[in-house]
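In what follows, a single structure is set out as structure tokens and then discussed.
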Protein chains: 2
Amino acid sequence: MAGGRPRAFDADAALDRALEVFWRQGYEGTSLSDLTTALGINRPSLYAAFGNKDELFAKALNRYISGPGACASVALEAPTTREVVERMVDCAIELTAGTDTPSGCLTVNSVHACGPNSASARDAALAYRKAGEAALRRRFEQASDLPEGYEPGTLARLVHTITDGIAVQAASGRTRDELRQVADLALNALLP
Amino acid sequence: MAGGRPRAFDADAALDRALEVFWRQGYEGTSLSDLTTALGINRPSLYAAFGNKDELFAKALNRYISGPGACASVALEAPTTREVVERMVDCAIELTAGTDTPSGCLTVNSVHACGPNSASARDAALAYRKAGEAALRRRFEQASDLPEGYEPGTLARLVHTITDGIAVQAASGRTRDELRQVADLALNALLP
DNA sequence: CCAGTTGTGTACCGATCGGTATGAAACTAG
DNA sequence: CTAGTTTCATACCGATCGGTACACAACTGG
């Protein structure tokens with residue numbers, strides 16, 4: 001049992017770069033050549049380290065959720081309903097309209113990859129989205145300060161709808177400050 | 001001056017089918033082979049009638065805006081601010097979660113086509129989106145019943161954000177009835 | 001009939017797609 | 001050193017991509 005030739009690149013850093021490419025160009029808009037040039041490695045190394053394109057996307061999506069997108073699950077820990085929603089929306093704005101990262105949301109983008117060869121990427125994104133919304137609903141179900149007439153499931157869906165909308169707006173070029181105004185208006189109307 | 005061989009297909013009906021394919025699969029997810037089989041014509045006929053893939057997409061997008069998406073501009077004619085928003089949101093739900101048409105919104109989908117060869121499709125979608133939002137803002141600017149503290153531009157952006165979110169939710173599989181509940185909650189909070 | 005024009009069908013173009021075979025290079029264990 | 005193992009680099013695979021050349025069919029005006 002010997003350990004062969006050491007790999008000449010940092011797999012973690014490479015995955016980060018893959019995430020950035022998928023985030024900017026989407027699953028369908030990213031080719032293997034785009035990936036190999038961005039990662040600075042050649043094709044066989046990519047396949048040996050990450051599997052095929054679908055698996056690499058799945059790993060990048062994983063990193064997206066647990067890295068820059070982690071604020072969404074952290075937001076659930078806020079004490080009040082209002083603060084949960086507030087942090088959730090703030091997270092969406094920073095994530096999708098931040099200046100250091102591509103515009104838009106990777107999961108929202110991937111939902112719209114509906115070509116015949118994109119089913120696996122789309123399904124992976126849908127699974128994360130579904131789980132995220134279920135967690136938000138559970139958080140509201142356990143809340144004691146939910147305003148009268150607000151159903152947990154419906155509120156969760158509305159918040160998710162708004163953060164999705166923010167992602168689309170960010171992908172359309174809307175700036176962070178513009179989205180903050182929109183978010184303030186929505187928040188003050190929804191949970192005054 | 002003679003009129004050559006008559007074309008063997010209905011160009012209008014073909015364009016409708018092209019729209020449906022782009023709507024369901026997105027610009028990047030739709031190949032020329034998908035189009036020719038869906039339209040029932042062969043490649044040279046498609047190119048002679050509609051130009052290249054980009055031009056066909058532009059024409060399909062045009063038809064989308066002036067056909068099923070026309071409810072968005074009709075909504076602006078409603079008498080009150082509340083009704084404008086109400087119809088706008090209803091339009092988004094019917095358009096993106098209707099049972100006779102593909103799920104999701106073509107312009108929202110196309111914004112997420114950000115591969116290197118999709119710039120023209122993306123730009124066309126962005127132009128329509130920008131124009132639609134400007135029209136909504138102008139409608140609110142001329143409104144006399146705008147609630148106090150509501151800025152026309154911000155409200156227009158929020159409504160657009162919500163309709164975008166609805167489109168994403170519809171593309172994710174959410175049903176029309178679920179979206180109606182979400183829309184009701186949002187509307188009652190925003191314009192009680 | 002003929003000439004001119006326009007659409008149709010087939011068969012093809014170079015480029016790129018995702019994915020891989022192959023052999024040399026770089027390491028570890030003995 | 002050698003044997004075994006893993007990675008790297010090149011070069012390639014069939015399939016599909018968007019787009020087109022070309023010959024023939026179907027029409028109109030004379």
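Chain identifiers are assigned alphabetically (A, B, ...) following the order of the sequence lines, protein sequences preceding nucleic acid strands; residue numbering begins at 1 within each chain.
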| Does the distance from a Lys or Arg side-chain N to an Asp or Glu carboxylate O, for A/Asp145 and A/Arg82, drop under 4.0 Å? | no
| message | Without decimals, in angstroms, what is the distance between A/Leu39 CG and D/dC8 P? | response | 12 Å
| field | Side-chain ion pair, B/Arg180 and B/Glu94, N-O less than 4.0 Å | value | yes
| note | B/Asn42 atom CG is separated from C/dC12 atom P, nearest whole Å, by 16 Å
| So, B/Asp10 side chain and B/Asp12 main chain: donor-acceptor pair closer than 3.5 Å or not? | yes
| Do you see a donor-acceptor pair shorter than 3.5 Å between the side chains of A/Arg43 and A/Ser33? | yes
| said: If I take atom CZ in residue B/Phe50 and atom C1' in nucleotide C/dT6, what distance separates them, rounded to the nearest angstrom? | reply: 16 Å
| remark: In 5'-to-3' order, the base (B), backbone-only (S) or no-contact (-) status of each nucleotide in nucleotides 15-27 of chain D, using a 4.0 angstrom heavy-atom cut-off, is --SBBBB---BBB
| said: So, using side chain to side chain donor-acceptor pair (under 3.5 Å) as the criterion, who are the partners of A/Arg137 when residues are at least two apart? | reply: A/Glu141
| query | Axis-to-axis angle across the helix from C/dC1-D/dG30 to C/dG30-D/dC1, five pairs an end, to 10 degrees? | reply | 0°
| query | Does a side-chain N or O from A/Ser45 land closer than 4.0 Å to OP1 or OP2 of D/dC8, or not? | reply | yes
| query | A/Ser45 and A/Arg7: side-chain donor and acceptor closer than 3.5 Å? | reply | no
| For A/Asp164 against B/Gly165, the heavy-atom pair lying closest together | CB-CA, 4.0 Å
| Which part of the nucleic acid, if any, lies within contact of B/Ala49, taking any heavy atom under 4.0 Å across all strands shown: a base, the sugar-phosphate backbone alone, or nothing? | nothing
| task | Would you mind reading off the distance between B/Arg7 atom CZ and C/dT8 atom P, rounded to a whole angstrom? | result | 7 Å
| task | State, to 0.1 Å, how close B/Leu190 and B/Tyr150 come at their nearest heavy-atom pair, and which atoms those are. | result | O-OH, 2.7 Å
